Amino acid sequence: MRDLIKSALAITWKDLYAEWRTKQVFSTMLIFSGLVIVTFSFAFDPTNNTIRAVIPGMIWVITIFAGILGLNRSFISEQYNDSLHGLIVSPIDPSSIYFGKFLSNFIIVLFVQMITIPLLFILFDYKMNGNILLFLLVLFLGSAGFICVGTFLAALSANSRSSEMLLPIILFPVISPIVIAAVQSTRILLIDVEEIESLFSWISLMAGYDLLFFVFCFFLFEFIMEV
Amino acid sequence: MIKTVTLNKTIAEKTILNDINITVNQGETIGILGPNGAGKSTILKIIGGLMKPSFGHVMIDNIPVKENNLEIKKKIGFLAHNSYLYEHLSPVENLTFFGKLYQVNQLEYKVKELIREVGLQFFMNEPVRSFSRGMIQRLAIVRAIVHDPSILILDEPHTGLDQQASRILNELILKKKEQKTTILMVTHDLAQAIETCDRFILMKKGVIIDDFVLENKNVHQLKEIYLRQVG
């Protein structure tokens, strides 16, 4: 287990370092998110109180669509020089490749959220009065669930010629429960605070989904790594 | 010791390998020769753990490859057609990354030493994307030996190399040979093969058609045997 974590962290470090050098994925995700926020801020009148209702949905639209841009690159970048084969022939558990990739994708998505969500609040003139810690927990659980399934399916679709089209098609049906739970939880925290009792059932659903799919993807990953 | 037992590989009803039985003793250097599509690279991929056979199995030091896979992978250094290197990382960063995966001791020292050995010391911190084919190939072989493997698998290692790079590569292979490393090399370059290999396996259409030792290291004799058998 220790070796598995060490190899996974080496892969995460390599991905994040390469990303820090090139800034390809991060900048693409930020530009996309920024464009969505600015477009919506012009499309809706931010001074209108009812517009706030779209904020929870927008947070997750940005996260999911920007995240898919990163997920697509995550395994396609391993195809130059057949680098993924270099990982397969290494003495590491295939699950550590999954875990390492999951961590790097998750960290990049969290960084994007750290920049885009405050920008969204500023442009929509939204002042948050709810529980920030619970809001962060919802972001964490929702993003983790999306990334754990997304990383697995990105590896699965990477060998396809049209992987960039294939990934959203196979990903959306599987992540719909976590997206619904994340949007509902965010809505309760940001808009309908009086429904706070139901928040915990949504959070439990997200935690259960994350655990179930993480374990499932972790153990099945070696089968999709076969050449 | 490497032993393949009735190794078969079929991809979409096409037979790539047909009953391959090879025994390679510790310290032997073997050149696998044959025309394109003979199944040479497929054998290497199966021994290296990159591909699974449809039937049959591989034993390394009397341990079946499917069991205790990670321990066996530590013994193997694999140099394929592609370099497996990350273009945005420098030679030091690439080798450090792979060294961590192979749990190499004294990694920092070893990485710099190996880079010097292949003459890339002035490009240690340059990203690999700016390298020529020869430089990438030199770095790729260093990547394959960073963990001092006891088995070295080389798939057409001389392709695209200039004279100097070929000489460095051959010196590295001969050095590994002196250290009793088992070397399996697929190549189309008979002159390079005769320089480094002791034994030759000829393949055609997924079948071994000859397995011989050339004592006199005569490239013309090797060429004659090759042309006679393969056509």
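This structure is a prediction, so every number in the text was calculated from the model and none was measured. Letters go in sequence order (proteins before strands), and every chain restarts at 1.
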Note to self: Can you confirm whether more than 12 heavy atoms, excluding those of A:Phe32, are under 6.0 Å from its CZ atom?
What the structure shows: yes
Note to self: Counting only non-hydrogen atoms closer than 4.5 Å, does A:Ser7 touch chain B with its backbone (N, CA, C, O), its side chain (CB onward), both, or neither?
What the structure shows: both
Notebook entry, point to check: Between B:Glu87 and A:Arg21, is there a side-chain N and carboxylate O pair less than 4.0 Å apart?
Noted result: no
Next item on the list: Measure across B:Leu85 and A:Ser83 and return the closest heavy-atom pair with its distance rounded to 0.1 Å.
Entry: O-OG, 3.4 Å
Item checked: salt bridge (Lys or Arg N to Asp or Glu O under 4.0 Å) pairs, two or more places apart, involving residues 25-40 of chain B -> B:Glu28-B:Arg199
Next item on the list: Check the surroundings of atom CZ in A:Phe140: do more than 12 heavy atoms from other residues, nucleotides or ligands lie under 6.0 Å from it?
Entry: no
Notebook entry, point to check: CD of B:Gln179: more than 12 outside heavy atoms within 6.0 angstrom?
Noted result: yes
Notebook entry, point to check: Does the side chain of B:Met51 come within less than 4.5 Å of A:His85's, by heavy atoms?
Noted result: no
Checklist line | From A:Ile92 atom CD1 to B:Lys74 atom NZ, the distance as rounded to the nearest 0.5 Å | finding: 12.0 Å
Notebook entry, point to check: If you count the non-hydrogen atoms of other residues, nucleotides and ligands that lie under 6.0 Å from NZ in B:Lys205, is the total more than 12?
Noted result: no
Check: With a cut-off of 6.0 Å (strictly less than), are more than 12 heavy atoms of other residues, nucleotides or ligands near CE of B:Met1?
Finding: yes
Item checked: Worked verdict on B:His88 versus A:Tyr17 for side-chain contact (heavy atoms from CB on, under 4.5 Å) -> CA-CA 9 Å; B:His88 298 297; A:Tyr17 184 74; over 6 Å; no
Check: Which distance, rounded to the nearest 0.5 Å, do you find between the CG of B:Asn69 and the CD of A:Glu222?
Finding: 9.0 Å
Next item on the list: Report, by ascending residue number, the residues of residues 96-118 of chain B in heavy-atom contact with chain A at a distance under 4.5 Å; give 'none' if the set is empty.
Entry: B:Phe97, B:Phe98, B:Lys100, B:Leu101, B:Tyr102, B:Gln103
Next item on the list: Please check if the side chain of B:Lys73 supplies one atom and the backbone of A:Ile88 the other of a donor-acceptor pair under 3.5 Å.
Entry: yes
Next item on the list: Give a yes or no on whether A:Phe40 atom CZ has more than 12 heavy-atom contacts from other residues, nucleotides or ligands under 6.0 Å away.
Entry: no
Checklist line | Min side-chain heavy-atom separation A:Asp82-B:Tyr84 under 4.5 Å | finding: yes
